[in-house]
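All values reported here derive from a predicted model rather than from experimental measurement.
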Amino acid sequence: MRITSIVEALVQCGATPEMILCAVRAAEAGQQSDIDKRRASDRQRQQRRRAHVTSQVVTATDGVPLSDKERSPTPPKEINSPDNTQTPASPRFVPGGRRATRLPEQFEPDRDFAARLGFGTAEVELELEKFRDYWTAKSGRDAAKLDWLATWRNWMRNAARPRKDHRPQAPPRESAFARHQRECRQAIERELNGNLGNDDLINPQPIFDLEPGDYRAH
């Protein structure tokens with residue numbers, strides 16, 4: 001019951017100030033007693049919780065697995081506030097304090113090295129343009145290098161290797177129809193050369209040359 005309600009009831013009954021004061025003191029004492037009881041109950045509950053946690057530690061130390069009920073609850077994960085923004089990934093570090101970086105805009109290659117590999121001035125400029133376009137467009141961790149001059153040298157070494165598509169191509173295979181034409185032409189030439197005289201054999205002259213064509217009857 002609230003103290004103001006007690007005071008109002010005593011005033012309506014015509015109680016003296018001394019009586020009202022005594023009633024207020026008694027009500028406050030009762031409220032303080034309730035507060036003390038709640039505090040004592042909270043202390044006892046905390047002591048029991050500490051004792052329970054201590055028993056869990058002792059059980060785990062002894063090597064006996066804890067049940068799911070005896071295990072302490074997992075603390076909630078920390079949730080970032082909406083105001084937090086993701087920061088860009090920091091440059092990749094390696095042992096020794098060196099830091100990998102992307103290709104600098106003002107990168108200058110070792111042209112003398114390319115010349116020693118046999119590249120001309122125009123070829124070096126073409127490879128440099130391809131080198132810059134490739135590494136500028138590349139993404140991910142591999143796009144950052146510790147030594148861009150070494151990367152350029154490896155690029156030129158690979159460019160100097162013979163390409164598979166530059167191998168000499170094998171002559172085209174002769175089709176069955178082309179082979180038949182060739183055999184017919186050779187047979188006619190042998191027949192004509194067999195009918196030549198001695199003068200013709202000394203200074204043979206081709207009578208005619210059959211070009212590849214369709215000798216089938218129409």
Verify, without hydrogens or angle tests, whether E123 (side chain) and G120 (backbone) share a donor-acceptor contact under 3.5 angstrom. yes
Donor-acceptor pair, S41 side chain versus K37 backbone, under 3.5 Å? no
Quick one: side chain to side chain donor-acceptor pair (under 3.5 Å) partners of D42, sequence neighbours excluded? R45
R43 side, atom CZ; R39 side, atom CZ - distance, nearest 0.5 Å: 8.0 Å
Holding to side chain to side chain donor-acceptor pair (under 3.5 Å), I want the full list of residues that pass it with R182, two or more places apart in sequence or in another chain. E174
Is it true that R157 and N154 share a donor-acceptor pair across their side chains at a distance under 3.5 Å? yes
Report the distance from atom OG1 of T101 to atom NZ of K145, rounding to the nearest 0.5 Å. 11.0 Å
List in chain and number order the residues that pass salt bridge (charged side-chain N to carboxylate O under 4.0 Å, His left out) with E125, two or more places apart in sequence or in another chain; answer none if no residue qualifies. R111
T121: what forms a side chain to side chain contact (heavy atoms under 4.5 Å, CB included) with it, not counting sequence neighbours? none
Can you name the residues that form a salt bridge (charged side-chain N to carboxylate O under 4.0 Å, His left out) with D34, not counting sequence neighbours? none
Partners meeting salt bridge (charged side-chain N to carboxylate O under 4.0 Å, His left out) with R116 (sequence neighbours left out): none
Tell me the closest heavy-atom pair linking K138 and A143, and the distance in Å. O-CB, 3.5 Å
Identify, with sequence neighbours excluded, every residue that meets side chain to side chain donor-acceptor pair (under 3.5 Å) alongside D147. none
Is there a side-chain contact between H180 and C184 in this structure, where contact means two heavy atoms from C-beta onward sitting under 4.5 Å apart? yes
Hydrophobic cluster of Y134, others only, ordered by chain and residue number, side-chain cut-off 4.5 Å: L103, F107, F113, L117, F119, V124, L128, F131, W135, W148, L149, W152, W155, M156
How about CD on E183, more than 12 heavy atoms from neighbouring residues, nucleotides or ligands closer than 6.0 Å, or not? yes
